[in-house]
Amino acid sequence: MADLSGGLETKDQAQEKGAEEVKEEEKEEEKEETEGKKEEEKVEEMKEEEAEKKQEDTKEETVKDSKEKDEETKKQVEKVPEYVENAEKTVKENKWNTSQWEVILRYAGKSADALWAREKFENFLKIYPTSALYWRKYIEKEIWAKNFSHVEKLFKRCLMDVQEIELWKTYVKYIQLVKKGQEDELTAVGDAFEFVLKHMGVDIGAGEIWLDYIDTIKKEKTDNSYEADEKVGTLRKIYQKAVCLPTALVEKIWKEYDEFEHSFENKKLAASLTSHFQKKYLPAKQDAKERVKRIKGINRYSLAVPSDFQANPLEERNQSLRWRHFVEYEANFVAPVMDVRRGTGHRQEANLDPDLPVCATKKGRGLLAYKQAILCLRYRPDFWRNAALFCAGFGDHKAAVALFTQGMEGMPEDLLLGLMYGNYREKRKEFKEAEEVYENLTKNVSEKYRTLAWIHLMRYVRRCAEKDAVAMARRVTVKAMKAEVSWEFYVEAAKMEFRTNQEKKIAKKVLALGYKKFQDVYDFVDFYTQFLFDLGDSRDLRAVFARALDGRFPVEKAQPMWNRFVEFERECTMDLSRIEDAEEKRNRAFKIFPPSTAIPIKKKRRGAILQPKREEKPHTAFDIAERYSVYGKLPCPQHQMDALSVISGRKPKREPRNEVTFGKKENFPMSVV
């Protein structure tokens with residue numbers, strides 16, 4: 001039994017040893033697998049590192065390429081001629097130098113660097129946004145560079161605001177170019193023509209567009225009789241619209257239309273149609289001739305420049321007169337009334353009348369003329385106002401407001417246009433909107449006009465405030481005083497308190513505040529003394545006179561104040577010593593002394609020299625005669641006053657005096673010179 005158990009143990013041990021060996025082998029295999037995985041991971045990491053290095057290398061290469069391209073573009077920009085660089089420098093100093101801008105843009109139109117040219121055009125159009133010529137050249141440059149997406153953006157920016165016929169022709173040509181060979185070519189080109197003729201069909205130069213539209217319809221191919229009849233009907237409608245409009249080519253269009261109608265077999269229909277539309281063609285022909293006369297001499301591509309920076313103000317004035325002459329004709333033109341009588345025949349003729357484009361109506365035609373004039377006269381506020389009032393005359397308040405706001409956006413600093421806009425709003429009783437206009441003026445106008453803007457805001461609030469207008473106007477007064485306005489505002493605020501509000505004390509306080517700031521400004525002090533004199537405030541007036549007449553103002557300029565000082569003492573003091581003292585002070589200030597005889601001066605040298613010596617007694621008989629003159633009534637004859645004037649050292653008046661009646665106060669005939 002013992003042997004058997006021992007044999008069994010040996011078998012178990014062998015099995016255990018075999019299992020351990022298997023486990024060891026499995027562990028070794030696992031180690032090998034993990035090592036293989038690690039090696040694979042290392043290889044993958046190496047590959048990733050290599051890929052990253054390649055990417056970095058490619059990035060560096062692209063950066064180098066971009067840098068090289070930038071350097072090339074910079075070199076191209078650096079290759080700009082000297083005369084263009086000089087023009088750029090002058091334009092930076094003075095952006096209104098139109099001749100130098102033309103030099104830059106002429107070169108930009110020829111430049112091969114489209115980006116550089118785009119930058120120059122954009123810089124120019126920020127200053128001259130209504131220049132139809134350079135909008136067109138800019139778009140043509142982008143079409144040449146095949147930047148069609150940018151071209152469409154440019155058309156969206158300028159087309160509706162810049163209604164100039166050549167620019168709109170460029171739009172039609174662009175659509176023809178882009179849509180050529182596409183399925184929707186015919187519809188897209190037709191829609192483009194209809195869009196342009198809707199807004200510009202009545203323009204004096206629109207005849208070419210009408211003829212181009214007719215030619216494109218003629219070139220359309222038809223597959224059957226139905227399409228052919230439809231084509232004929234479309235051509236007939238276009239012809240009939242075109243012959244009713246006063247374009248420069250209306251005679252040529254009429255000849256083509258007459259040939260078109262007589263090319264068909266139905267001669268009776270051709271005769272009836274041509275006879276009917278001839279009645280409309282003849283007035284249009286006459287109107288076109290008048291328009292051509294009136295537009296002759298107008299430079300439709302002149303750049304809009306503020307009046308302060310005009311290189312040739314006379315030419316700008318002539319252009320504005322010619323534009324006004326043309327616009328008045330367009331706005332006041334009355335179309336001939338069609339003869340629509342009772343009866344079937346006349347009604348049938350009336351039904352033949354085509355639907356003319358919107359621009360051919362009286363409102364559309366006048367508004368188009370105003371908009372075209374504003375392209376060249378953008379800084380003329382009267383054209384903006386007249387255009388807005390023209391629209392308001394047809395009840396189109398939105399168009400009027402749009403024109404005013406467009407003008408204010410272009411000229412936020414223009415006080416006159418803002419006052420016109422505020423006046424328009426006030427007339428329509430749109431008080432909140434009007435107040436916003438006046439408030440914006442106080443923020444946007446230059447320092448030269450800021451005081452005036454505050455004055456008109458104060459007056460408007462006093463005039464139109466809904467509640468407690470006096471208090472609201474005084475709040476504006478306080479704000480204006482904090483905004484550092486000039487002395488004129490204090491004067492106007494005091495006038496409003498004195499005359500409108502009947503508040504003498506407040507008016508006096510306003511002027512007293514102004515006197516603290518402007519006691520060295522003669523015009524303000526002169527008004528202040530006149531106000532106190534009329535108010536009868538002798539105490540404050542005497543103090544102001546004492547400061548004002550201490551020599552701070554030139555004697556020649558202060559003459560009215562000296563006269564007022566003497567007049568104050570004569571009329572308010574009733575003290576002869578004070579009166580004589582005031583008269584003597586005035587005479588001393590003006591160095592008026594009666595001449596005396598020459599007295600020899602003793603000298604040690606030979607030849608005594610006689611020199612006049614003035615006896616410094618400034619109070620003269622003329623002062624007494626002038627003192628006792630009332631309302632121009634003299635206490636002695638005129639020749640005696642002249643003699644006294646000469647004796648006292650004054651010069652007599654040589655002008656003939658008008659007779660003066662009582663109740664009318666005039667300056668005394670022998671006032672101080």
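The figures that follow rest on heavy atoms only: side chains count, while hydrogens, waters and symmetry mates do not. Owing to the predicted nature of the structure, the values given are computational and were not obtained by experimental measurement. The first residue in the sequence is number 1, and the count goes up from there.
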Find the distance between [atom1] ([X]) and [atom2] ([Y]) and round it off to the nearest 0.5 Å.
X    : Y    : atom1 : atom2 : value
L133 : E164 : CG    : CD    : 8.0 Å
Y134 : L105 : OH    : CG    : 5.5 Å
K92  : E88  : NZ    : CD    : 6.5 Å
L167 : Y171 : CG    : OH    : 11.5 Å
D396 : K363 : CG    : NZ    : 3.5 Å
M561 : K557 : CE    : NZ    : 9.5 Å

Taking the six-membered ring for Trp, are the ring centroids of [X] and [Y] within less than 6.0 Å of each other?
X    : Y    : value
W487 : F527 : no
H397 : Y424 : yes
F531 : F498 : yes
F195 : H199 : yes

Is a side-chain donor or acceptor of [X] paired with a backbone partner of [Y] at a separation under 3.5 angstrom?
X    : Y    : value
E484 : M481 : no
E488 : L452 : no
S131 : L303 : no
Q319 : G297 : yes

Would you call [X] and [Y] a salt bridge, using N to O less than 4.0 angstrom?
X    : Y    : result
D161 : K371 : no
K156 : E152 : no
E503 : K509 : no

Taking atom [atom1] of [X] as the centre, report whether more than 12 heavy atoms of other residues, nucleotides or ligands fall under 6.0 Å from it.
X    : atom1 : value
R547 : CZ    : no
K517 : NZ    : yes
R475 : CZ    : no

Going through the checks in order, is the salt bridge (Lys or Arg N to Asp or Glu O under 4.0 Å) test met by R136 and E166? CA-CA 8 Å; R136 178 163 56 85; E166 296 297 329; 5.2 Å; no

Between F124 and W101, how do the two ring planes meet: parallel, tilted or perpendicular, split at 30° and 60°? perpendicular

For the residue pair F568 and F545, does the interplanar ring angle fall in the parallel (under 30°), tilted (30 to 60°) or perpendicular (over 60°) class?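 It falls in the tilted class, 30° to 60°.
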
Looking at residues at least two apart in the chain, or sitting in another chain, which of them share a side chain to side chain contact (heavy atoms under 4.5 Å, CB included) with V151?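 If we apply the side chain to side chain contact (heavy atoms under 4.5 Å, CB included) test to V151, skipping adjacent residues, the hits are I139, E142, I143, F155, Y174.
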
With E122 via side chain to side chain contact (heavy atoms under 4.5 Å, CB included) - residues at least two apart: R118, Y138, H150, L154, R157

Listed pairs under 3.5 Å, donor-acceptor, residues 373-393 side chains, sequence neighbours left out:
residue : atom : partner : partner atom : Å
R380    : NE   : E316    : OE2          : 3.2
R380    : NH2  : E316    : OE1          : 2.9
D382    : OD2  : R324    : NH2          : 2.4
W384    : NE1  : R378    : O            : 2.8
N386    : ND2  : D382    : O            : 3.1

Let me see the working for K495 and E492 under salt bridge (Lys or Arg N to Asp or Glu O under 4.0 Å), right down to the final yes or no. CA-CA 5 Å; K495 284 181 180 179; E492 293 301 319; 3.7 Å; yes

Hey, are the side chains of [X] and [Y] touching, using non-hydrogen atoms and a 4.5 Å cut-off?
X    : Y    : answer
R463 : E426 : yes
L356 : T361 : no
E330 : F326 : yes
M200 : I209 : no
C359 : K198 : no

Can you tell me which residue pairs pass the ring pair (Phe, Tyr, Trp, His ring centres under 6.0 Å) test with a partner in residues 428-455, sequence neighbours excluded?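 Residue pairs passing ring pair (Phe, Tyr, Trp, His ring centres under 6.0 Å), neighbours aside: Y438-Y460.
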
Assess the side chains of [X] and [Y]: does a donor N or O sit below 3.5 Å from an acceptor N or O?
X    : Y    : answer
S99  : N97  : yes
Y421 : N440 : no
D526 : Q530 : no

Can you list the steps and then say if V202 with T247 is a side chain to side chain contact (heavy atoms under 4.5 Å, CB included)? CA-CA 7 Å; V202 77; T247 61; over 6 Å; no

Among R365, K169, R291, R300, whose salt bridge (Lys or Arg N to Asp or Glu O under 4.0 Å) with D203 holds?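 Result for salt bridge (Lys or Arg N to Asp or Glu O under 4.0 Å) with D203: R300.
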
Atom pairs and distances, donor-acceptor, side-chain atoms in residues 399-411, under 3.5 Å, two or more places apart:
residue : atom : partner : partner atom : Å
T405    : OG1  : V401    : O            : 2.9
T405    : OG1  : A402    : O            : 2.8

Stepwise, does the salt bridge (Lys or Arg N to Asp or Glu O under 4.0 Å) test hold for K505 with E497? CA-CA 9 Å; K505 292 182 179 179; E497 293 292 345; over 6 Å; no

Any residue meeting salt bridge (charged side-chain N to carboxylate O under 4.0 Å, His left out) with D414, in chain and number order, not counting sequence neighbours: none

